[in-house]
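Written out below as structure tokens is the structure these notes cover.
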Protein chains: 2
Amino acid sequence: MVTLKDLARITGYSVTTVSRALNGYDDVNKETRDIILAAAEKLEYTPNINAQSLVTKRSKTIGFLVSDLKRESAKDNFTFEVLCGISEFVTEAGYEMILLSTSSSKQKNKTFRQIVSERNLEGIIIQGLKKEDPYLQEAIKGSVPTVLVDIPIENETTGYVTSNQHDSVKKAIKYLARLGHRNIAYMNGHKHAYVSEIRYQSYKEGLSEAGLEVDENLVCYGDYEEEKAYRASLDFLLSNPEVTAFFCASDIMALGVLKAAKELKLDVPKDLSIIGFDNILLTQYTSPTLSTIGQKPFELGKRGTELLLEIIQNSSTQRHIIIQNELILRESTAQPGG
Amino acid sequence: MVTLKDLARITGYSVTTVSRALNGYDDVNKETRDIILAAAEKLEYTPNINAQSLVTKRSKTIGFLVSDLKRESAKDNFTFEVLCGISEFVTEAGYEMILLSTSSSKQKNKTFRQIVSERNLEGIIIQGLKKEDPYLQEAIKGSVPTVLVDIPIENETTGYVTSNQHDSVKKAIKYLARLGHRNIAYMNGHKHAYVSEIRYQSYKEGLSEAGLEVDENLVCYGDYEEEKAYRASLDFLLSNPEVTAFFCASDIMALGVLKAAKELKLDVPKDLSIIGFDNILLTQYTSPTLSTIGQKPFELGKRGTELLLEIIQNSSTQRHIIIQNELILRESTAQPGG
DNA sequence: TAGATTATACGAAACGTTTCGGATTGTCAA
DNA sequence: TTGACAATCCGAAACGTTTCGTATAATCTA
């Protein structure tokens, strides 16, 4: 490893001068700067960021904190797309990202503050924590620049990035209503996630705005799992034959509903319209193909990082960014009865 | 941020003693150790890893170097699963992973050595670099502990983790032969990837071992893209009606072949058997469902990290790990003619 | 020509650790 | 009583940076 000291020894200047030359200070002679730069180039010098961060407090590193990244989560490319977005912007900005995977239990061993100060992280992006997770509370209360994905909370050092879930869910519901559906069921995920709540609220508002009544009995819970959604909807569809449309809080659950419909010999979309959420790759390959609400997780990651760096540099005017979803209509939606 | 100095001030001991107490040295009195530990606990002290690494040269950090992690790569959950595997093991071992995304062009700005020494990385896992990428060469020649995913090269400080692609491809080919197929085509990916070569070799050997002749004309190129595979196989199947089976170097390309077959009104598997590679989620949802070779990327990541840490700690006896793939038979394979 | 100003360079301290080599007690065998 | 030894503690240097304050020499101003 070649250090400032090496460069100093070789060029004959002091460590101070070498440092200032490399950092572009103007109290160093053009000639000596050139000599120093040449030597640095030749020896492939790069500053040791750890040492740098020790004195400047700027580690050029942010954390991506995600809940429980284990075997099963590999299926979830929402997280991965967010990560790709972060990676792209972070690199552009000369930063680096470290991946922090945590679980509810691990949060007892180490506080959020500790995680951050261990590695001098300048800021953190949080995705997929449960509402009641201590880290989330710490992050919001603390003074570490933080950006939350899909959790709409903001303050001096906390911002968030999300999609217009509210509008897009309402839009989907109203679309179904416009097609003539009167009994629109809702397949919700588990209650740990903020998004479940938001989508459920929006579903109800969508119904109201379409002049339909909200019926609590038309809500199922599938925990964001295909199998659970399948079982829940199987029973549900049997006992609620008046239902002609299903809005699902995730595509995965929509697959479960689709499977149940097939099982019950219901024709999709003739007997039952289905709309999912996420636009996962699979939705284009099922038969019928699935209508869904498409998010842009890559964008969420990218813009989220942008926001985070603004908060870090104190140059941000706003504390939140909203990305537009799109309602993607495929074969699984139609007028009731065909 | 609470430092050793703070603890020293509060407990009345020296920084040295505090440090030694926390690190479990036995030349500190049980009582004083307890006092110090209590204080550390109370103030939520955690060592600053950057400062630590400056003196110990051990940063508790490894890098995951992946080629060009951009928008499109989000679809590729091979990489993501590997990443999840790395994350799991790395956390267990008290390390942290930083994500390094590079492109062929970026590799000109900064050398591999620089990337490593910038952040005192203890080791690096490399996935998806092109054969001719400079970083790959540097990594192999250099003295930084490195683990390559799916690139079988090893030396003093370099190891690799891969699956038994060779055997599993041969197995698939021989399985097709046993079913009675005599003209088995091969859809290859682009030539930048080591795996393309390996799979192609294994395809040929599989044919030979099954007593079939290798015919170079039965090889198509789909560049690991569905669309390209679709177009390539469309022409190919038209002009080679004797072909009754297609082995594809990836599931994505198998989808393309499947689409082409449907387009040509070929019945799969009656007129054409198809085997893919990767076992992506989609293969369970196509119709017919796709036979494929299943890799275990999570395992690759996890065991790869294990190997890397062994190399770092100089405690490893072997320099490579082979994970068993499995041949997964679904509906897309049958005897020729049904 | 004296004093002020500018250009250029550097010493030393600091960041938060670890670790080497002592220093200071107290205990015990001879 | 003395010397040896163990137990316990600490000072100072080091890791690779940045930065504050200062030093020196050259140049300018009046």
Side-chain angles (χ1 to χ4, degrees), chain A residues 1-37 39-40 43-61 94 96 113-122, chain B residues 1-37 39-40 43-61 94 96 113-122:
Chain A
M1 173 189 255
V2 21
T3 71
L4 280 188
K5 215 189 277 181
D6 296 325
L7 292 182
R9 195 166 30 73
I10 287 171
T11 60
Y13 292 99
S14 73
V15 168
T16 303
T17 301
V18 173
S19 168
R20 298 180 74 81
L22 293 174
N23 286 310
Y25 283 76
D26 59 0
D27 66 347
V28 23
N29 192 319
K30 167 110 176 52
E31 247 174 73
T32 71
R33 178 193 310 281
D34 288 344
I35 294 176
I36 291 172
L37 286 180
L43 299 187
E44 295 183 352
Y45 168 82
T46 26
N48 181 311
I49 299 187
N50 288 335
Q52 251 177 357
S53 89
L54 204 54
V55 18
T56 60
K57 303 290 175 203
R58 320 205 56 232
S59 61
K60 298 273 182 191
T61 313
E96 223 78 73
R113 225 176 31 67
Q114 286 180 314
I115 293 224
V116 169
S117 66
E118 256 186 2
R119 288 175 189 267
N120 291 349
L121 300 181
E122 292 188 39
Chain B
M1 174 191 256
V2 20
T3 70
L4 280 189
K5 214 189 279 182
D6 296 325
L7 292 182
R9 196 166 28 74
I10 287 170
T11 60
Y13 292 99
S14 73
V15 168
T16 301
T17 303
V18 173
S19 169
R20 297 181 76 80
L22 293 173
N23 286 311
Y25 283 76
D26 60 0
D27 66 347
V28 23
N29 191 321
K30 166 110 177 53
E31 247 175 73
T32 72
R33 177 193 310 281
D34 288 344
I35 294 176
I36 291 171
L37 286 180
L43 299 187
E44 295 182 350
Y45 168 81
T46 27
N48 181 311
I49 299 188
N50 287 336
Q52 253 177 356
S53 88
L54 204 54
V55 19
T56 60
K57 302 290 174 204
R58 321 204 57 231
S59 61
K60 298 272 181 191
T61 313
E96 222 80 73
R113 227 176 31 68
Q114 285 179 315
I115 292 220
V116 169
S117 66
E118 253 186 3
R119 287 175 190 267
N120 290 350
L121 300 181
E122 292 188 39

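Hydrogens, waters and symmetry mates are skipped; everything else that's a heavy atom, side chains included, is used. Chain A is the first sequence line, chain B the second, and so forth, proteins listed ahead of strands; every chain is numbered from 1.
- Near-neighbour residues of DNA chain C inside residues 25-36 of chain A, defined by a heavy atom below 4.0 Å, number-ordered: A/D27, A/V28, A/N29, A/T32.
- Counting any heavy atom pair closer than 4.0 Å across all strands shown, A/S19 reaches a base atom.
- First and last contacting nucleotides of DNA chain D toward chain B (any atom under 4.0 angstrom from a heavy atom, 5' to 3' order): D/dT8 to D/dG16.
- Residues meeting the side chain to side chain contact (heavy atoms under 4.5 Å, CB included) test with A/K5, sequence neighbours left out: A/T3, A/V15.
- Under the 4.5 Å side-chain criterion, counting only non-hydrogen atoms from C-beta, A/V2 is not in contact with A/T46.
- Partners of A/R58 under the side chain to side chain donor-acceptor pair (under 3.5 Å) rule, at least two apart in sequence or in another chain, are A/Y95, A/E122.
- Looking at heavy atoms from C-beta onward, A/N48 lies out of side-chain contact with A/Q52 at the 4.5 angstrom threshold.
- Side chains of A/N120 and A/N50 form no contact here, defined as non-hydrogen atoms less than 4.5 Å apart.
- Two residues are said to be in side-chain contact when any heavy atoms from C-beta on lie closer than 4.5 Å; A/T11 and A/T32 fail this criterion.
- Applying the side chain to side chain contact (heavy atoms under 4.5 Å, CB included) test to A/D26 and every residue at least two apart in sequence or in another chain returns nothing.
- Axis deviation across the helix from C/dT1-D/dA30 to C/dA30-D/dT1 amounts to 60°, comparing end segments of five pairs, rounded to 10 degrees.
- Applying the 4.0 Å criterion to OP1 and OP2 of C/dC10, one finds that A/T17 has a side-chain N or O inside that range.
- With sequence neighbours excluded, the residues satisfying side chain to side chain donor-acceptor pair (under 3.5 Å) with B/T61 are A/R119.
- B/D34 pairs by the side chain to side chain donor-acceptor pair (under 3.5 Å) definition with B/K30, not counting sequence neighbours.
- For the salt bridge (charged side-chain N to carboxylate O under 4.0 Å, His left out) condition, the pairs that include at least one residue of residues 8-18 of chain A, sequence neighbours left out, are A/D6-A/R9.
- Here A/S14 pairs with A/T17 under the side chain to side chain donor-acceptor pair (under 3.5 Å) rule; sequence neighbours left out.
- Listed by residue number, the members of residues 47-58 of chain B with any heavy atom below 4.0 angstrom from DNA chain D are B/L54, B/V55, B/K57.
- At a threshold of 4.5 Å between non-hydrogen side-chain atoms, the residues B/L7 and B/Y13 do not count as touching.
- Listed by chain and number, the residues in a salt bridge (Lys or Arg N to Asp or Glu O under 4.0 Å) with A/D27 are A/R20 (sequence neighbours excluded).
- Contacts of A/S117 with the nucleic acid, taken as non-hydrogen atoms under 4.0 Å apart, are absent.
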